[in-house]
Amino acid sequence: MNARTPRRFDCADPSARSAGIDAAVTALGQGDLVVLPTDTVYGIGADAFDPRAVAGLLAAKGRGRHKPSPVLVGSKDALDDLVADLPKTAEDLIGAFWPGGLTLVLRHRPSLSWDLGETGGTVAVRMPDHPLALDLLAAAGPMAVSSANLTDRPSPEDCDAAFRMLGDSVSVYLDGGRTSGPVSSSIVDLTGDTPVLVREGVLSAAELRTVVPGLLAR
């Protein structure tokens, strides 16, 4: 992660949007951090396969390795490189709620050379329902992304709030306007025999049980 003057792009302007995505992809390839909008709140992202960049993400937030970063993907197909065996329950939930506010905890491929924190061999993965985020993910590949706030501060719903907290620890800010936050995604753990709702967010337990009737709430 390089300490230099951050670049901010107003992505409401098509030319700035294109330039911003290009700048973000370059920054991620250099191990730098990027702020981007999602369908919930603004996120701070790093190349998921760059351990130094992911460590920089956690440091920028003031967050320890015991709270590993989730991973955002731009398509369901991107899961093939991350997860060895996708449970039928995951297929059903993805079909119903992706892209959108659903994070799935799955077993990742043991061969992956990444370090997201203390994951215990799992990855929390989501496909956001935001066109700017999806375009960046399509260009950059899977990203480690956490809410763009300092630990214990509110998750930002606009780029200004993210900048005030993170400043020059981030190389590129993609301003996509106000997000629909502040409710976070719902998290379902599929690593055991029974699906478990770890966090109820934008999707309620009742909504999720229309697809997975046996869902347990932690």
Side-chain angles (χ1 to χ4, degrees), residues 11 20-22 24-29 31-51 53-54 57-58 67-117 119-148 155 172 174 176 179-181 184-191 195 198-199 201-203 208 211-212:
C11 295
I21 290 174
D22 289 345
V25 170
T26 298
L28 292 166
D32 289 345
L33 304 178
V34 171
V35 159
L36 66 154
T38 75
D39 47 336
T40 53
V41 296
Y42 270 76
I44 177 174
D47 180 348
F49 298 99
D50 184 337
V54 175
L57 184 159
L58 296 176
K67 292 185 176 180
S69 177
V71 170
L72 295 188
V73 295
S75 69
K76 175 184 173 294
D77 291 341
L79 279 179
D80 294 341
D81 295 327
L82 307 182
V83 178
D85 296 305
L86 196 64
K88 172 66 164 54
T89 304
E91 295 269 9
D92 294 343
L93 287 168
I94 287 168
F97 299 113
W98 274 21
L102 175 64
T103 297
L104 298 177
V105 180
L106 300 162
R107 295 282 176 192
H108 69 68
R109 289 183 179 273
S111 59
L112 288 180
S113 57
W114 64 7
D115 184 1
L116 302 171
T119 66
T122 68
V123 59
V125 64
R126 182 167 90 88
M127 180 181 174
D129 190 11
H130 192 289
L132 180 55
L134 290 173
D135 284 351
L136 175 58
L137 291 162
M143 292 174 59
V145 178
S146 183
S147 55
S155 298
V172 173
L174 299 180
T179 68
S180 62
S184 300
S185 67
S186 298
I187 302 176
V188 175
D189 187 339
L190 297 176
T191 61
V198 176
R199 180 179 75 192
V202 294
L203 294 169
L208 293 166
V211 177
V212 184

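- Between I187 and V105 there is a side-chain heavy-atom pair separated by less than 4.5 Å.
- Of all heavy-atom pairs between G31 and A53, the closest is O-CB, 3.6 Å.
- Of all non-hydrogen atoms in V188 and L208, the two that sit nearest each other are CG2-CD1, 4.0 Å.
- For the residue pair P128 and D39, the shortest heavy atom distance occurs at CB-OD1, 3.5 Å.
- Here the side chains of I94 and L86 are in contact, with some heavy-atom distance below 4.5 Å.
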Apply the test side chain to side chain contact (heavy atoms under 4.5 Å, CB included) to residues V202 and F97: give CA-CA distance (whole Å), side-chain angles for both, the deciding distance (0.1 Å), then the verdict. CA-CA 11 Å; V202 294; F97 299 113; over 6 Å; no
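- By the 4.5 Å heavy-atom criterion applied to side chains, T40 and H130 are not counted as neighbours.
- Rounded to the nearest 0.5 Å, atoms CG (D50) and CG (D115) are 10.5 Å apart.
- Residues R199 and S184 meet the side-chain proximity criterion, which asks for heavy atoms closer than 4.5 Å.
- A distance-only check finds no donor-acceptor pair linking the side chain of R126 to the backbone of P99 [under 3.5 Å].
- Side-chain atoms of T191 and D189 form a donor-acceptor pair, as typed in the model, at a separation below 3.5 Å.
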Stepwise side chain to side chain contact (heavy atoms under 4.5 Å, CB included) check, L116 with H108: CA-CA 11 Å; L116 302 171; H108 69 68; 5.9 Å; no
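- Under the 3.5 Å distance criterion, the side-chain polar atoms of Y42 are left unmatched by any main-chain donor or acceptor of T179.
- For A46 against L57, the heavy-atom pair with the smallest separation is N-CD1, 3.9 Å.
- Note that the OG atom of S186 and the CG atom of L102 stand 7.0 Å from one another [nearest 0.5 Å].
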Show your reasoning for whether side chain to side chain contact (heavy atoms under 4.5 Å, CB included) applies to L112 and L82. CA-CA 7 Å; L112 288 180; L82 307 182; 4.2 Å; yes
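- L33 places none of its side-chain heavy atoms less than 4.5 Å from the side chain of V35.
- Between atom CG of residue D129 and atom CG of residue L134 there is a gap of 7.0 Å, rounded to the nearest 0.5 Å.
- A heavy-atom distance below 4.5 Å is not found between the side chains of T38 and S147.
- The side-chain heavy atoms of V34 and L136, taken from C-beta on, include a pair separated by under 4.5 Å.
- Closest approach of V73 to L137, counting heavy atoms only: O-CD1, 3.4 Å.
- Contact check for L93 versus L190: side-chain heavy atoms found under the 4.5 Å cut-off.
- With values rounded to the nearest 0.5 angstrom, F49 atom CZ is found 7.0 Å from S113 atom OG.
- A donor atom on one side chain and an acceptor atom on the other are found under 3.5 Å apart for T103 and S185.
- Considering every non-hydrogen atom in both A133 and L36, the closest pair reads CB-CD1, 3.9 Å.
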